[in-house]
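In each ligand, atom 1 is the first atom listed, and ligand 1 is the first ligand listed. Just so you know, these numbers come straight off a predicted model, no measurement behind them.
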Amino acid sequence: MNNPVSVAVLVSGGGTNLQAIIDARKSGIIKNAEIRLVISSNPNAYALERAKENGIATEVISKKEFITAENTEAQIIKILERYGIELIVLAGYMQVLSKNFTKRYERRIINIHPSLIPSFCGDGFYGLKVHEAALKKGVKVTGATVHFVNEITDGGEIIMQKAVKVLKNDTPETLQKRVMQLAEWKILPEAIEKISKEIKKEREK
Ligand code: GRF
């Protein structure tokens, strides 16, 4: 494909969503984007291995090393610029980005969240906590959301959502797994393709 959009995926953990993006690029679901870089906030993230296995450049930028959020973000920006990144994908990235950062990349950062926003989102809703809250509330349907990232946690414009049924015997763990398999791993690659097409259109303007 001609001149695909350059994507950086920001991770902190296992990277199953990163894997889904890599697989979607290979299978042709993603045609208009190329993963050029994976940045991890955690040097031990398994996501880094997935990137390396697929010949994708990796960088570790941990807050420990750069101490303040400001320094950390300045370092991230430097690297994003070095790689000519046009779209930033947060896939299990555990650091909150400042308003300064999100403004700089307005409509150029997307995130995957494991619930149907505006339910079970915002500060403190991450990982299994999201699914615990959904089960506690007794919702019959949950799902995942891809949204643009702004200064409000999980508050940016919604790009895509997919619903998943809650089953009677679900535990937070079984629900988390099903939401990933049936929703997250599908809509994240689809949203990347959608936004990349839009970025390519804008390039032509
Ligand atoms: C996913 O549940 C995602 O929705 C959330 O963090 C988790 C990351 O998992 N933002 P993985 O690292 O992609 O396996």
Side-chain angles (χ1 to χ4, degrees), residues 7-26 29-30 33 35 37-54 56 58-62 76 87-97 101-102 109-135 139 141-166 170-192 195:
V7 173
V9 184
L10 272 56
V11 298
S12 301
T16 61
N17 278 286
L18 169 66
Q19 190 66 54
I21 302 166
I22 293 170
D23 294 346
R25 173 65 182 161
K26 283 187 189 158
I29 292 169
I30 296 179
I35 313 164
L37 174 66
V38 169
I39 298 179
S40 176
S41 64
N42 165 14
N44 303 315
Y46 185 66
L48 289 168
E49 304 307 316
R50 297 182 192 270
K52 284 174 196 158
E53 270 167 28
N54 286 279
I56 301 167
T58 59
E59 297 277 350
V60 175
I61 306 178
S62 75
I76 293 175
L87 177 64
I88 301 161
V89 177
L90 308 185
Y93 185 64
M94 295 302 286
Q95 304 281 325
V96 174
L97 297 167
F101 189 94
T102 56
I109 314 173
I110 67 174
N111 180 49
I112 176 85
H113 181 76
S115 76
L116 294 174
I117 290 175
S119 290
F120 316 118
C121 64
D123 291 331
F125 284 101
Y126 59 87
L128 277 178
K129 288 177 195 286
V130 178
H131 305 290
E132 280 162 9
L135 290 176
V139 292
V141 171
T142 183
T145 303
V146 181
H147 61 92
F148 284 116
V149 174
N150 64 11
E151 71 277 14
I152 302 158
T153 309
D154 301 323
E157 188 185 315
I158 291 170
I159 301 166
M160 248 177 227
Q161 289 188 304
K162 190 158 193 282
V164 174
K165 270 189 193 160
V166 178
D170 263 332
T171 62
E173 289 80 8
T174 60
L175 187 56
Q176 179 183 52
K177 195 167 177 207
R178 213 165 54 259
V179 167
M180 282 181 154
Q181 288 172 336
L182 300 182
E184 296 184 41
W185 302 344
K186 291 202 159 69
I187 62 173
L188 186 57
E190 284 170 18
I192 291 171
I195 303 303

Open item on the list: Just to check, does Ala47 reach to within less than 4.0 Å of ligand 1 when the distance is taken from its heavy atoms?
Closed with: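 Per 4.0 Å heavy-atom rule, Ala47 does not contact ligand 1.
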
Can any side-chain N or O of [X] pair as donor or acceptor with the backbone N or O of [Y] at less than 3.5 Å?
| X | Y | result |
| --- | --- | --- |
| Lys162 | Leu182 | yes |
| Ser40 | Pro43 | no |
| Arg178 | Val164 | no |
| Ser115 | Phe120 | yes |
| Thr145 | Ile117 | yes |

I want to know if ligand 1 touches [X] in the polar sense, i.e. an N/O pair below 3.5 angstrom.
| X | value |
| --- | --- |
| Gln176 | no |
| Gly15 | yes |
| Ile112 | yes |
| His113 | no |
| Asn111 | no |

Open item on the list: Within ligand 1, which atoms have a heavy atom of Met180 less than 4.0 Å away?
Closed with: 1 (C), 2 (O), 9 (O), 14 (O)

Look at [atom] and say which protein heavy atom is nearest, naming residue and atom and giving the distance to 0.1 Å.
| atom | result |
| --- | --- |
| atom 8 (C) of ligand 1 | Gly92 CA, 3.5 Å |
| atom 14 (O) of ligand 1 | Thr16 OG1, 2.6 Å |
| atom 3 (C) of ligand 1 | Glu184 OE1, 3.1 Å |

Task: Value rounded to 0.5 Å, distance of CG in Leu188 from CE in Met180 - done: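 CE of Met180 is found 11.0 Å from CG of Leu188.
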
Task: Any side-chain heavy-atom pair of Phe101 and Ile88 under 4.5 Å - done: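 Contact flag for Phe101/Ile88 side chains = yes.
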
